[in-house]
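Below is one structure, written out as structure tokens, with a few remarks after it.
Model, not experiment: these values are computed from the prediction.
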Amino acid sequence: MHLRVLIADDELPIRQWMAFCLRGSGLDCELVGEAENGAQALELFRQTLPDVVITDIVMPLMDGLDFISEARKLGPDCCFVVMTCHEDFRYAYRAIEQSVFRYIVKYQTGEKELIAILRELDEKLTTQRQLAGMAHSYRHLKQERVIRELLESKGGADARQLGLQNSSFVAAALAGPGIRDEDKIAGVCGEWMSAFSLYRDGEQLLVFGNLEESPSRLISLSNLHNFASGLLACGELDVGVSDIFSGAAPLQLAARQAREALDGCFFAGGYKARLYYESPKGVDRALEQAAERLGEAIRQGREAQFLPLFESLLQAGEHATRCGSQSYRETVQNLLSQLSYYAAAKEVGGGLSQQELRAGLQKESKVQGFNKRSRAAAEALVSRLREEGGADTVAQVKRYVRQNFGAALSLDSIAEAVHLNPSYLSSLFKQKTGENLSTYLTAVRLQEAERLITSTSLRLSEVAKRVGYPNASYFSHIYKKYKGVSPAALRAGPPRE
């Protein structure tokens, strides 16, 4: 293991010799400080908290044994080696009382002996830390099992079953990469809580504890905010905190509140702390209406409206004030599924499978990333629909024009009839046929007008009305412009010779 060593001796040559021995020991040692008196040694100890201290006894300002006594209060696990010129039993007895690791006489100790002592210390501290780690792991596993059973129990499990008080009890739910640093999180909990327990639940870390109460730190909402802010400062974390419970403190309710508060962090940019009592409840009506409009457009096959309505849904999500992330995720995923099924029914391939899509969306912990991925999936599906369904759409438009050319048709009215955006319809028709939709409409009308003029005795004004031109003069102008002859001349026939 890595040994951090502090040396205290009032003789510079002795300190230099001990430092030399450390460097040549072959052990993983770090000299964290050298002190020339007991007071300086105590200050260095406070700053560095070493694993090992090698100290003289007789030093100015504070002797070595008094230094050890004070240092024990700061770092009870530190190992002390007393190295002195004095063989007086009284010194040795005091050293034994201080539980020092070794009491050695300088002129009887050489480099090999000092290195051997350091090796013993290395082995001892390594074993101690391994045992301490095993004990900590056992306690942690036992605590996790207890909390899991309490959370899953159908009875009214409360804080007392975790050894916590019912008054001032809170729960916090944490998510994000920062939950890996449990030591830092535990440090914040220790600062603000008189007692607490941690529980890892999948991708979340739950904290249960009692907010500390003292004359200078009364239980208040301010404390709740400060506790949440302290957790947020631990790293890349979202934090949700329950209400403060006094009296009976139901564990399941506290955990649910903390998770619901955490859930709201999905809609925040960056990492955020959110308190349950501040979290809005209910369903966001704007989001609900946007979802309803898109669902209706999909059912009716209004393809040109898919992307604009999907975008309005995502925008409503980014400004949601009364919605949980899971509800929003499910709404968007359900509508993407409907788009996918619609495309499949029209035999349009391409895009991600439902399983791949859901797996990708679940990785997104913030609404911005979730929406970006959702938007890309929707655009890919609609692009395929446009590419594969263009010819069918043009055929549908031509059929509608041939059946309704006598009405007051326009680009907007035709687009509405076939559930397409006017600008998209105009572009698609030109792309697929090489001519404008207005030109096609005029050609159909004039073709029918020619048939009526040459095969019926209808008045020309009536012919004009039947093919969609209420104004007979305008009809004659258009007919001559495109056919090179007026309607009257066509009816009169070729001149006689």
Side-chain angles (χ1 to χ4, degrees), residues 293-313 335-336 338-351 375-453 463-472 474-485 487 490:
R293 288 193 295 268
L294 177 55
E296 187 65 21
I298 296 172
R299 288 190 290 275
Q300 294 181 2
R302 302 197 303 269
E303 295 177 9
Q305 297 181 13
F306 288 176
L307 283 183
L309 288 176
F310 193 77
E311 184 60 32
S312 69
L313 170 70
L335 288 165
L336 279 172
Q338 289 184 41
L339 278 174
S340 182
Y341 293 144
Y342 178 87
K346 298 196 73 173
E347 298 183 351
V348 174
R375 187 179 290 111
E379 288 175 349
L381 280 170
V382 171
S383 176
R384 294 290 293 169
L385 280 169
R386 288 174 175 174
E387 181 181 337
E388 299 292 336
D392 290 341
T393 300
V394 169
Q396 181 185 1
V397 169
K398 286 184 173 181
R399 185 165 55 251
Y400 180 81
V401 169
R402 289 195 300 269
Q403 292 172 352
N404 298 278
F405 60 82
L409 293 183
S410 66
L411 175 61
D412 287 347
S413 64
I414 297 171
E416 182 178 2
V418 295
H419 310 299
L420 291 175
N421 177 276
S423 59
Y424 170 67
L425 172 58
S426 177
S427 174
L428 177 66
F429 195 92
K430 176 78 172 183
Q431 176 188 349
K432 296 295 182 181
T433 65
E435 65 178 339
N436 293 325
L437 179 55
S438 59
T439 303
Y440 177 75
L441 172 59
T442 300
V444 171
R445 282 172 166 172
L446 297 186
Q447 183 181 17
E448 177 63 11
E450 183 176 353
R451 186 187 72 80
L452 292 175
I453 291 169
V463 170
K465 290 180 181 179
R466 289 197 178 191
V467 296
Y469 295 105
N471 187 304
Y474 180 68
F475 164 67
S476 295
H477 170 75
I478 291 295
Y479 193 93
K480 187 173 183 179
K481 176 181 178 182
Y482 281 88
K483 295 292 186 177
V485 62
L490 177 66

For the residue pair [X] and [Y], what are the closest heavy atoms and their distance?
X	Y	answer
L437	L411	CD2-CD1, 3.7 Å
L309	R293	CD1-O, 3.6 Å
A377	L336	CB-CD2, 4.3 Å
I298	F306	CA-CE2, 3.6 Å
A297	Q305	CB-OE1, 4.2 Å
Q338	R299	OE1-NH1, 4.3 Å

Review point. Do R402 and Y440 have side-chain N/O donor and acceptor atoms under 3.5 Å apart?
Key: yes
Side chain to side chain donor-acceptor pair (under 3.5 Å) filter on E311, not counting sequence neighbours, yields Q315, R375
Sorted by chain and residue number, the side chain to side chain donor-acceptor pair (under 3.5 Å) partners of S413 (sequence neighbours excluded) come out as S410
Closer than 4.0 angstrom, basic N to acidic O: yes or no for E448 and R451? yes
Measure the spacing between [atom1] of [X] and [atom2] of [Y] and express it to the nearest 0.5 Å.
X	Y	atom1	atom2	result
K398	F429	NZ	CZ	5.5 Å
H477	Y482	NE2	OH	9.0 Å
L409	S438	CG	OG	12.0 Å
S427	N436	OG	CG	10.5 Å
K483	Q447	NZ	CD	7.0 Å
T442	K481	OG1	NZ	8.5 Å

Donor-acceptor pair, side chain of N471 and main chain of Y474, under 3.5 angstrom: yes
Check your understanding: Given V485 and Y479, is the side-chain contact (heavy atoms from CB on, under 4.5 Å) satisfied, shown in steps?
Key -> CA-CA 7 Å; V485 62; Y479 193 93; 4.2 Å; yes
